[in-house]
Engineer: 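Please see the structure below; I have some questions.
The analysis underlying the following values was restricted to heavy atoms, covering all of them including side chains, and did not include hydrogens, waters or symmetry mates. Start at 1 with the first residue, then count along the sequence. Owing to the predicted nature of the structure, the values given are computational and were not obtained by experimental measurement. Both ligands and their constituent atoms are indexed starting at 1 by order of listing.
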Amino acid sequence: MKTENIRNFSIIAHIDHGKSTLADRILELTGMVSDRDKKDQYLDKMELERERGITIKAQTVRIPYKAADGQEYVLNLIDTPGHVDFSYEVSRSLAACEGALLVVDATQGVEAQTLANVYLALDNDLEVIPVLNKIDLPSADTEAIAAEIEEVIGLDCSDSLHVSAKTGLNVDKVVEAVIEQLPAPEGSADAPLKALIFDSWYDSYQGVVVLFRILEGTLKKGDTIRIFSTGKDFDVTRLGAFCPEPADFKTMGPGEVGFMCASMKELGDAPVGDTITHAERPTSEAFPGFKPVKPMVFAGLYPIEPSEYETLKAALEKLQLNDAAFTYEPETSQALGFGFRCGFLGLLHIEIIQERLEREFDAKLITTAPSVVYKVDTVDGESLVIDNPSKLPDPTRIEAIHEPYVRMDIHVPNEYVGPVLALCEEKRGIQKNMGYLTPTRVMITYEIPFAEVMYDFFDKLKSSTKGYASLDYEIIDYRQADMVKLDILINGDPVDAFSCIVHRENSARQGRSIALKLKRSIPRQMFEVVIQAAIGRKIVAKERNAPFRKDVTAKCYGGDITRKRKLLEKQKEGKKRMRRMGNVEIPQEAFLAVLKAD
Ligand code: GDP
Ligand code: MG
């Protein structure tokens, strides 16, 4: 394929602005999906993605297309996820493109992640074409939104594209714009091979599958390739592209995007961001690579039945093969027994992994409250990395605790600025900037402890702005903070899985709130249950659950038998996600009570 006739592009957007829908329409318009295969969100392959309507893993499709100029082109559409937890996947995918379609919902305008994604695109020197979407909706205001895009982002919108991804209106013009306005890739077919690995995953039949973009040179099936960073060589056993089903190719040249298999056993054999070259005639310079992704949030995963430990371990191992951002290692808890400490990118990532474990592996789990990673200096000069609050050393051994901070941009209509500032201040934020993006929209920048924003910040922001605020954040650094460990005791025994690290100033209030939440989520038992919150030796809160006297089914006595059975079933259902601690039964939701403490 001549490079002049290739276009590599991504679609970027704030979540829900219509990226996946536009991708679907483009695939239909270009005949990539037949009516028979037509499913909404074709690119969102994972069942979970489709149900939740979000894109987790980026996907790629090669689209042969005969343009209005009569020439045959190949378009490589590289889909990207829209959620902040997965922004690292966005920047990887963009590195494989020359251009991007920027989808903006014409009823909403520029949101926090619209801007964040545009910055990523500009960082990668991409040409950006604005696309105003959802013009079928009566509230769409293309003129105002086009002006906003010009003002806030600085993109020319004088003849911008106005589409409805839902009805397909003007989607043909989008495809033509990709050909006319986006640059073709460059690169010589005869140069030493230089290809960028922008994604990889593990397939149980083929081993590691590598998605790559050739920058220079030519790759053939059967070639011996070398991974630049490791110097390891592999033979290419399969070469191809997703059309959208996998199709085999014998050879691929500069500018092309494809997948390959080369008998690689682990994801580490093909690190994302690495460069592929030929063993025989290697390139001298590698692609600069990506920042490695590091899990930022940790939680314990424990089997409900201790006998299922090995099954859970096997499931985690499988998941890890396909998700380099997810990590796990064995840990033991006095309260929960043998389990795993797992690392994630954020709360959505936890939810996704947890749901996949339950759905695909039938695992029954208890998940402990997520925690950020703290750095602790001890009095004897050690530096510790603490990803489990119960592991925090005794206060007398601690010299200083450092916690991660994020820089957060919030976009909000000006009438909601007050509540947003109040929320950020309450969460220990430091205001860095505030300014009008347009006469009615404000951007507010804060530096704020990650621990304060990862739980319920987004929900609170939404509710205090009637859903009109959007946010984007990135982790910037670690800062010293006055943190303490809050312990929870059940009937006098500390439960390590309930420990959390909180700011000293809020510790008593949080202790009371957690104790109360626990009281409400732990069902009454045959005996009294006393719940205490403590900082060191000092008890800061105490709640008690009185024993219940009557069998819950007693009130159905002599009554409706089906109602009674339903009640028993409900109890059984509830038991599934409970763990016995001493003799107290504790349901899953209790473990997450700390998340919801105010
Ligand atoms: P993404 O998060 O950017 O991938 O957004 P989706 O493609 O999943 O779309 C989010 C929601 O907007 C879905 O309910 C779509 O059906 C809807 N949507 C997308 N494009 C349009 C459009 O042009 N018009 C209307 N009315 N709804 C749309
Ligand atoms: Mg989507």
Engineer: Are any of the N or O atoms of I15 closer than 3.5 Å to those of ligand 1?
Structural biologist: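 In fact, backbone or side chain, I15 has no N or O that close.
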
Engineer: List every atom of ligand 1 that sits less than 4.0 Å from any heavy atom of L137, numbering the atoms from 1 in the order shown and giving each element.
Structural biologist: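 What qualifies from ligand 1 is 26 (N).
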
Engineer: Taking NZ, NE, NH1 and NH2 as the nitrogens, is one of them in R441 or E111 under 4.0 Å from a carboxylate oxygen of the other?
Structural biologist: yes

Engineer: Under the 3.5 angstrom rule, does the side chain of N133 hit a backbone N or O of A165 as a donor-acceptor pair?
Structural biologist: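 Yes; at least one donor-acceptor contact below 3.5 Å.
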
Engineer: Among S164, G18, A13, which residue places a heavy atom closest to atom 5 (O) of ligand 1?
Structural biologist: G18

Engineer: Any sub-3.5 Å donor-acceptor pair from D387's side-chain atoms to S371's backbone N or O?
Structural biologist: no

Engineer: Donor-acceptor check, side chain of H14 to backbone of Q113, threshold 3.5 angstrom: yes or no?
Structural biologist: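 Yes; at least one donor-acceptor contact below 3.5 Å.
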
Engineer: Of the backbone atoms (N, CA, C, O) and the side-chain heavy atoms from C-beta on, which set of H17 has a member under 4.0 Å from an atom of ligand 1: side chain, backbone, both, or neither?
Structural biologist: backbone

Engineer: Minimum distance, heavy atoms only, to atom 19 (C) of ligand 1: which one of D16, L22, T21, I11 is it?
Structural biologist: T21

Engineer: For the residue pair Y478 and Y405, is the inter-centroid distance of their aromatic rings smaller than 6.0 Å?
Structural biologist: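 Ring-ring flag for Y478/Y405: false, centres at least 6.0 Å apart.
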
